[in-house]
Amino acid sequence: MTQQLSRPPEQEPTISGWSVWFFLLIVSCLLALFLGRLVNYLPQVTQFVESGHSRVSSLQGSEKGPLPRSVLYEQAGQLWIVSLWGGSPQKLSTPGYIYNYAVPPLLTPSGQLLYSGDGVWLTNPFTGHPKRIASLPAGQVITSLALSQDGSQIAWSSVPAYGKGTINLYAGPLEATVLVHQQSANACPCFRVFSFLHDAASLGDKTLLLTEDHGDHDAVQHGLWIFNLNEGAAAQPRQLLASDPPQGPLALAPDDRHLLYASWEGYTPVTEDSNTPNGANALRDVSGPTEAGTLSSANDLNIATIDTQGSKFASSQVIVPGQSPMEADAIATSAYHWITTPRFSLDGHTLAYLEFTSNVSAPFKRDTKIYTITIDDSGTQITLGSPKLLAVGQSGYSELGNWLDDHSLTLYINGEIYALDLNHKKLTGIVQTKGYAQIIATVARG
């Protein structure tokens with residue numbers, strides 16, 4: 001915001017020399033403190049973004065209207081909200097919430113927060129009033145949570161916390177889900193919900209996309225199945241994408257028709273952060289999720305149109321080619337790239353994704369790049385633009401978050417959440433989390 005400054009009147013009260021020097025001393029001290037804090041983060045920021053950075057904790061409005069005013073994120077088993085216009089993070093009241101990296105909370109179109117733990121809960125992130133809308137059977141844990149495009153329907157899954165039991169899939173209206181599929185936990189594929197699939201053939205929000213986790217409770221998504229709820233009790237999942245070799249879905253476009261998927265996924269080593277100046281003898285992972293040691297990443301990136309009638313991809317195009325065959329002893333080397341956190345823009349016409357390579361030995365530092373690519377689906381076939389390199393640099397652990405508008409999105413890097421302006425390649429700090437934080441959503445107060 002630019003302020004208009006006018007010339008002062010000629011007759012102005014004088015300030016004593018002592019007062020001027022005292023004022024300058026205070027300003028100098030404050031400036032030194034600010035610069036000290038800034039310089040501490042300059043290497044990370046300037047290496048990551050090619051041109052421009054800002055340490056200001058507020059954002060100006062975009063050219064097409066104001067930005068959403070708050071960011072929701074998870075840290076240390078708690079949900080927080082922080083305003084883009086400045087201020088301190090506020091912890092949300094979320095009774096029953098249990099952190100699970102694989103099942104992040106969701107935001108409904110009306111701005112309600114849907115989260116899981118000892119059941120499924122719904123709350124207003126600004127005013128509170130949490131309400132449990134689905135109960136969890138005893139001895140079970142929730143492994144997935146999906147929301148229909150209009151926010152009227154949800155689907156979720158639960159599995160035994162330990163030992164034998166059943167895998168349960170639930171779906172239905174927001175506050176009235178029912179059991180739609182049940183199987184033994186010992187009989188994989190071990191299904192969990194990936195998303196709703198909405199098109200003319202799905203008869204509303206009655207088609208689910210399922211993936212499987214091989215009995216793992218972490219963020220594992222291998223293979224893809226179509227599950228038509230209109231078939232009632234006789235409904236059986238129909239396989240769309242095999243789970244072996246390890247491949248699986250990554251994201252669904254806002255139109256619920258175009259799927260991002262990987263045809264090969266592999267293990268990537270944990271980035272080790274140092275709590276000593278020279279990085280010696282005290283390595284620890286503080287910038288990534290605790291599950292980082294068990295997560296796998298995509299080696300390629302593809303986009304396809306789903307044919308629900310034929311249970312197949314009507315068309316498929318490569319965005320990032322894979323690198324096969326994969327040598328087991330070479331997966332961690334910098335010769336291999338990995339794709340993570342692809343994010344569709346609000347209108348679905350732009351895709352941002354993060355690509356990284358990892359060193360072969362500890363501390364496994366990553367060379368990171370952020371790309372964008374345009375997507376035109378107005379014709380009979382998807383038309384892709386050329387990938388555009390937006391930013392490069394070294395980082396510990398990074399994730400792309402939600403889009404703010406048509407030209408900016410949120411980004412987590414090494415203990416801080418930023419807003420990244422794609423047009424001007426400008427990074428603006430939102431909040432220092434000083435440890436891993438999972439970006440959940442951006443929301444405007446209604």
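- For the pair T433 (side chain) and G415 (backbone), a donor-acceptor distance under 3.5 Å is present.
- Looking only at distances, no side-chain donor or acceptor of Q90 sits under 3.5 Å from a matching main-chain atom of I81.
- Checking Y397 against E399 by side-chain atom types alone, a donor-acceptor pair falls below 3.5 Å.
- D421 and N423 share no donor-acceptor pair across their side chains, judged by distance under 3.5 Å alone.
- W156 places no side-chain N or O within donor-acceptor distance of the main-chain N or O of A146, the cut-off being under 3.5 Å.
- With ring centers used as reference points, F313 lies under 6.0 Å from Y261.
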Run the salt bridge (charged side-chain N to carboxylate O under 4.0 Å, His left out) check on K206 and E231 step by step: do they pass? CA-CA 9 Å; K206 292 296 185 179; E231 296 175 2; over 6 Å; no

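- Ring orientation note: the planes of W225 and F191 are nearly perpendicular, at an angle over 60° on the 30°/60° scale.
- Every pair passing side-chain hydrogen bond (donor to acceptor under 3.5 Å, both in side chains) that includes a residue from residues 104-116 is listed here, sequence neighbours excluded: T108-S110.
- Of all heavy-atom pairs between F227 and P237, the closest is CD1-N, 3.7 Å.
- A side chain to side chain contact (heavy atoms under 4.5 Å, CB included) with L420 is found for exactly one of T428, L404, L427, namely L427.
- The structure places CG of L209 at 4.5 Å from CG of L197, a figure rounded to the nearest 0.5 Å.
- Here the closest heavy-atom approach between residue E212 and residue C188 is recorded as OE1-CB, 4.0 Å.
- With no hydrogens or angles considered, no side-chain donor-acceptor pair links E74 and Y436 at under 3.5 Å.
- Aromatic pair H337/F356: centroids not less than 6.0 angstrom apart.
- For D300 and S263, the side-chain atoms include at least one donor-acceptor pair closer than 3.5 Å.
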